[in-house]
There are 2 protein chains.
Amino acid sequence: MSLPAPAHSAAAANAAEHTGNVFDEACSSRLALELIASKWTLLILPALQDGPMRNNALLRRTGGISQKVLSQTLRELERNGLVIREVRGTKPLHVEYRLSALGVSLSDALVTLDRWAETHGGALDAARERYDASAQSRR
Amino acid sequence: MSLPAPAHSAAAANAAEHTGNVFDEACSSRLALELIASKWTLLILPALQDGPMRNNALLRRTGGISQKVLSQTLRELERNGLVIREVRGTKPLHVEYRLSALGVSLSDALVTLDRWAETHGGALDAARERYDASAQSRR
DNA sequence: CGGGATCCTTAGCGATACTG
DNA sequence: CAGTATCGCTAAGGATCCCG
């Protein structure tokens with residue numbers, strides 16, 4: 001019954017309010033999970049690993065995202081302390097986004113996922129094709 | 001491999017789709033990423049690490065999910081070759097879900113994310129509180 | 001017990017236009 | 001340049017009923 005995540009180190013003892021387990025809805029870890037369970041978060045945070053980036057750069061780098069959603073995502077990431085927004089020039093408005101320490105630690109984990117997707121994307125394609133083919137014949 | 005996503009198909013896949021699926025970006029890794037960028041995937045796959053589970057067990061374990069969405073998610077995971085669905089008894093219908101080899105490899109990465117969420121969930125809470133407070137005073 | 005079918009509500013996103 | 005505001009659509013999800 002135990003999740004491979006033994007998060008009961010010191011948190012469970014004192015907090016007492018929630019279990020701290022991601023499987024419980026309405027606890028902080030769950031909120032965190034839902035925040036990072038976004039395709040855009042999975043792209044934006046790792047993109048910032050190489051250094052600060054500006055709005056337009058992120059917009060170009062992150063294929064498929066719209067300006068609106070980029071803004072929303074960045075604001076949410078900033079709100080949760082993962083990204084730091086810095087205004088560096090007011091003349092032709094220069095804004096930079098960079099990872100916080102917290103953001104860096106998360107980004108490391110996300111990079112692993114990105115790599116997994118790049119490595120196994122083809123395998124998923126193949127599996128889908130197989131599944132759909134056999135589902136077709138079954139119908 | 002440079003991490004932050006190759007910026008190749010920006011112009012190419014521009015005027016392609018309008019079917020409803022937001023990114024028809026034909027990149028398999030992107031498809032893979034979108035599949036796993038779901039809070040339910042992030043919970044279900046690690047839940048299966050301990051061994052096969054039945055529908056009801058997953059339903060109970062994964063707080064907040066509905067039967068409908070659970071079915072959808074499991075079918076999609078099966079379709080992509082991450083989860084194997086096995087009917088073990090037809091009398092009172094006994095169905096088990098278990099990880100494929102591919103699913104195991106992904107689950108490892110997901111567990112890392114779950115642990116991150118459990119570890120840093122409180123920090124995100126705090127950051128949010130700070131952000132909202134200062135946003136309040138700025139208004 | 002597992003899960004498909006239907007209906008209906010909502011949240012998310014794209015497109016467009018505007019501002020500091 | 002870096003956003004915000006508004007509108008209209010659609011697709012995700014909850015609720016319910018039913019079937020093998």
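To find a chain, count down the sequence lines: A is the first, B the second, and so on, and within it residues start at 1.
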Query raised in the report: Is it true that a side-chain atom of Ser105(B) and a backbone atom of Leu102(B) form a donor plus acceptor pair closer than 3.5 Å?
Result: yes
**Report entry** Under 3.5 Å donor-acceptor, Ser29(A) side chain and Ala117(B) backbone
**Finding:** no
Query - Stepwise salt bridge (charged side-chain N to carboxylate O under 4.0 Å, His left out) test for Glu76(B) and Arg79(B) - result: CA-CA 5 Å; Glu76(B) 211 53 26; Arg79(B) 193 167 92 101; 3.2 Å; yes
Query - Atom-pair distance (CG on Leu93(B); P on dG2(C)), nearest Å - result: 7 Å
Requested in this report: Return the residues of residues 67-86 of chain A meeting this criterion: a heavy atom under 4.0 Å from some atom of DNA chain C. Order them by number, or give none.
Outcome: Lys68(A), Val69(A)
Query raised in the report: Passes side-chain contact (heavy atoms from CB on, under 4.5 Å), Met53(B) versus Tyr97(B)? Steps please.
Result: CA-CA 5 Å; Met53(B) 290 188 78; Tyr97(B) 295 93; 5.8 Å; no
Query raised in the report: Looking only at atom types and distance, does a side-chain atom of Asn21(A) sit under 3.5 Å from a main-chain N or O of Phe23(A), one as donor and one as acceptor?
Result: yes
Report task. Identify whether the distance between the nearest side-chain nitrogen and carboxylate oxygen of Asp24(A) and Arg30(A) falls below 4.0 Å. Result -> no
Query raised in the report: Think Ser66(B) has a side-chain N or O under 4.0 angstrom from the OP1 or OP2 of dG14(D)?
Result: yes
Query raised in the report: Would you find a donor on one side and an acceptor on the other, under 3.5 Å apart, between the side chain of Ser100(A) and the backbone of Ile84(A)?
Result: no
**Report entry** Whole-Å gap separating P (dA12(D)) and CD (Glu34(A))
**Finding:** 17 Å
Report task. Please report, rounded to the nearest Å, how far the C1' atom of dC1(C) is from the CG atom of Leu59(B). Result -> 12 Å
Query - Whole-Å gap separating C1' (dG3(C)) and NE2 (His94(B)) - result: 16 Å
Report summary line: Residues at least two apart in sequence or cross-chain that pass salt bridge (Lys or Arg N to Asp or Glu O under 4.0 Å) with Glu78(A), listed by chain then number, are none
Query - First of Ile65(A) and Pro92(A) reached from the 5' end of DNA chain C, by closest nucleotide - result: Ile65(A)
Query raised in the report: By a strict heavy-atom criterion of less than 4.0 Å, which residues belonging to residues 51-58 of chain A are in contact with DNA chain C?
Result: none
Report task. Grab the CZ-P distance between Arg88(A) and dC1(D) for me, whole Å please. Result -> 18 Å
